Amino acid sequence: MPNGVAPVIRAAGLRKVYGSTVAVDDVSFEVAPGEAFGLLGPNGAGKSTTMRMLGAVSARSGGSLEILGRDPDRQGPEIRAQLGVVPQLDNLDTELSARENLIVYGRYFGLPHAVVAARADELLGFAQLEDKAKAAIDDLSGGMKRRLTIARALINEPRILLLDEPTTGLDPQARHILWDRLFRLKEQGTTLVLTTHYMDEAEQLCDRLIVVDHGRIMAEGTPAGLIREHSTREVLEVRFGSERNAEAAVALADLGERVEPLPDRVLVYAENGEHVLAEVLRRGWDPVTSLVRRSSLEDVFLRLTGRSLIE
Amino acid sequence: MTSLSELRAPKEARGVGALSSGNAYAVFNRNLVGARGTNLWVMVSGFFEPVFYLLSLGAGLGGLIGAVELPDGRAVSYAAFIAPGLLAAAAMTGAIADAAWNVFFKMRFMRVYDAMLATSLGPLDVALGEMAWALFRGGLYGTAFLVVMQLAGLNLSWTAILAIPAALVVAFGFASVAMGITSYLRSFQQMDWIAFVMLPMYMLSGTFFPISQYPDWVQWIVMAFPLWHGTELIRGLTTGALDWSMLIHVGYFAVMIALGIVFATRRLRALFLS
C-alpha cells in the first residue's frame with residue numbers, strides 16, 4: 001500500500017455469519033485508489049460473500065468496513081452509486097438489446113437519459129461491441145456478454161469496479177481480450193477488486209492479493225512477493241510412473257527445500273531446478289519425463305489451501 | 001402509511017437494506033423499454049380474453065338467461081351484469097400475470113433484481129416500479145374493455161367512467177400481494193398453486209351470477225375474497241347502483257395494497273440485500 005494515500009476500501013476483522021455457518025471469519029485488508037486487488041481462494045472460501053459486503057448488498061455480522069470513506073451499513077445506496085459490479089453469473093437483461101441494457105441500467109442510478117445514452121455508445125466501443133448494439137443478449141457469445149457486463153458496470157463512472165470471477169467459463173481468446181480491457185481500465189486509474197481461482201489471471205492483473213480459505217486470510221502480498229515468501233524460485237517436476245513416484249519422493253527428499261509426491265509426479269521445490277535434475281540422474285533415478293519451471297502463484301495457492309478437492 | 005414507515009428500522013434506514021432512492025420510475029422504464037421489443041403481441045393478446053368471454057357468455061348465454069336483478073331491484077341484461085365482473089376479473093388476472101409470472105421469471109431466471117439492487121435502487125423502488133407496470137397494463141386493458149362495453153351499450157350510468165380507477169385499485173391490490181407471494185415460490189409446480197387459487201375465485205366471486213344464489217355460509221366465504229369486492233365495486237359503477245357499501249370495498253383494497261407493498265418490499269430486501 002503506498003504511504004500517505006487514503007485507502008478506498010478498509011476492512012478490519014470483517015465477519016459474516018449465516019445461521020450457524022461462518023462464511024467470512026476474520027478478514028482485514030486495505031485497497032489503495034487505482035490499485036488492482038485480488039481475492040484468491042478455493043470455492044466456498046468466502047470470496048463471493050466478501051464481495052457482496054464490499055458491494056453494499058450484504059450487511060456484515062461483525063468487524064468494520066469502510067468503502068470510499070463510508071459505512072455500507074449506514075450509507076448503502078450512496079456507496080452502491082459509486083461502484084461497478086460484475087457478478088459471477090451473468091445477469092444481463094435478456095428482454096433488452098445490448099445498448100438498451102446499458103441505458104436502462106444507467107437509469108437505475110438516476111442518471112438522465114441523454115447522459116447514459118452518450119456513455120452507452122462510448123462503452124460499446126470500449127467493449128468492442130459497436131456492431132452488436134442492437135443484438136439480443138442471447139445472440140452474444142460468452143465473452144461478449146462478459147464485456148457487455150463490464151461495460152454496464154462502468155455506466156455510472158464508478159470509482160471501484162468489483163469483478164467476481166470475471167473470466168470463469170471463457171475460452172482463452174475471450175479471456176485475453178477481457179484482460180486487455182481490464183488493463184485499460186487500470187491504466188485509466190480505476191480501482192479493481194477481483195476474485196478468481198485462475199492463478200495466471202491473478203498474476204497478470206493484480207498488484208496485490210490475499211489468499212482466503214475458510215473465511216480467513218492465509219497470505220497477503222504482491223504475486224512475486226508471495227512466490228518468494230511461500231515457494232522456491234524454481235520447481236522440478238519429474239515423473240517416474242505412478243508405481244514409483246512415492247518411493248522416489250522419499251529417496252529424493254533431501255534435494256530441495258520441499259518435495260511433494262503427487263499420484264502422477266513428484267515436485268521438487270528448489271532454487272535451481274537443473275542442478276537438482278542432474279543430481280536426480282546421478283543418483284540413478286531415471287524419470288520418464290522431467291520439467292524445470294519457475295514457481296508460480298499456483299504453487300503458493302496449493303501450498304496454502306491444500307490439494308484436497310473442495311466443493 | 002404508518003406500516004411503511006415502521007418498515008424502516010432506524011439502524012438500517014440508509015444502510016444496505018435502505019428502502020428507496022425514490023427512483024421507482026427507472027424500474028417502470030425498464031419494462032417499458034422491454035415491452036417495445038418482443039413482448040408487444042403478448043401484451044395485446046391480454047385484451048382479448050375478457051372480450052371473448054363477453055361475446056360467448058353475454059351475447060350467447062345471455063340470450064337464454066334474459067335479465068338479472070340487481071340488489072337495488074332493477075333488472076339488467078345478463079351481458080350488462082357480467083361485463084363489470086369480467087372487467088374486475090381481467091384486472092385481477094392481468095395484475096397477477098405481471099406481478100406473479102413475470103416477476104417469477106425476473107427473480108429466478110433472469111436475475112433482473114440482483115442487477116437492480118446492486119445499483120442505487122432500493123427494494124421499495126423495485127416493488128413500486130413493478131406494480132406500477134402491472135397497473136399500467138391493467139389500466140390499458142381496462143380502458144379498452146370499457147370502450148367495448150360502451151359500444152355494446154353495457155354502461156348504464158355515467159359513473160362507469162370511474163370503473164377505470166376502480167379497476168386500477170383492484171389490479172394494485174392483487175399485484176402487490178401476488179409479488180410478495182411469488183418471492184417464496186421456486187419452481188413452476190409451485191407457480192401452479194397461484195392458478196389453483198385464482199380459478200375458484202374467478203368462478204365463485206359473483207362474476208357470472210349473483211352470490212344470492214348461494215346458501216348464506218357460502219356467501220360469507222365469497223365475501224371474504226378480494227375479487228368479490230372488486231366485482232361489486234365495478235358493477236355498482238357501471239350499472240349506477242351506487243351504495244355506501246362501496247366504501248367498504250375500497251377500504252378492503254386500501255388495506256390489501258398497503259399490506260402487499262410492505263410484504264413485497266420486505267421479501268425483496270430479505271432475498272437480495274441480506
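In the text below, chain A, chain B and the rest are named by the order of the sequence lines, each starting its count at 1. Keep in mind that the numbers below use all heavy atoms, side chains included, and drop hydrogens, waters and symmetry copies. What you see is a predicted model, and the numbers here were worked out from it, not measured in a lab.
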**Asked** Do you know which of A:L89, A:D90, A:I79, A:L162 has the most heavy-atom pairs under 4.5 Å to chain B?
**Response** A:L89
**Prompt:** Does the ring centre of B:F188 sit less than 6.0 Å away from the ring centre of B:F105?
**Reply:** yes
**Prompt:** Among A:D93, A:L83, A:V104, A:I103, who wins on heavy-atom pairs under 4.5 Å with chain B?
**Reply:** A:D93
**Message:** Need one label for A:R152: side chain, backbone, both or neither, based on atoms under 4.5 Å from any heavy atom in chain B.
**Reply:** side chain
**Message:** Test ring pair (Phe, Tyr, Trp, His ring centres under 6.0 Å) on B:Y202 and B:F174; report intermediate values, then the result.
**Reply:** CA-CA 13 Å; B:Y202 198 159; B:F174 281 103; over 10 Å; no
**Item:** Near-ring test B:W193/B:F196, centroid separation under 6.0 angstrom
**Value:** no
**Asked** Which bit of B:N23 comes within less than 4.5 Å of chain A, counting heavy atoms only: side chain, backbone, both or neither?
**Response** side chain
**Message:** Counting only non-hydrogen atoms closer than 4.5 Å, does B:L117 touch chain A with its backbone (N, CA, C, O), its side chain (CB onward), both, or neither?
**Reply:** backbone
**Asked** Between B:F272 and chain A, which part of the residue has a heavy atom less than 4.5 Å away: side chain, backbone, both or neither?
**Response** backbone
**Request:** Measure centre to centre between the rings of B:F172 and B:F253, then say whether the value is under 6.0 Å.
**Result:** no
**Message:** Looking at chain A, which one of B:G22, B:G129, B:A26 has the largest number of heavy-atom pairs inside 4.5 Å, strictly under?
**Reply:** B:A26
**Asked** Between A:L92 and chain B, which part of the residue has a heavy atom less than 4.5 Å away: side chain, backbone, both or neither?
**Response** backbone
**Item:** Flag for A:E201-A:T167: side-chain donor and acceptor within less than 3.5 Å
**Value:** yes
**Minimal non-hydrogen separation, B:A100 against B:T182, with atom names** = CA-OG1, 3.2 Å
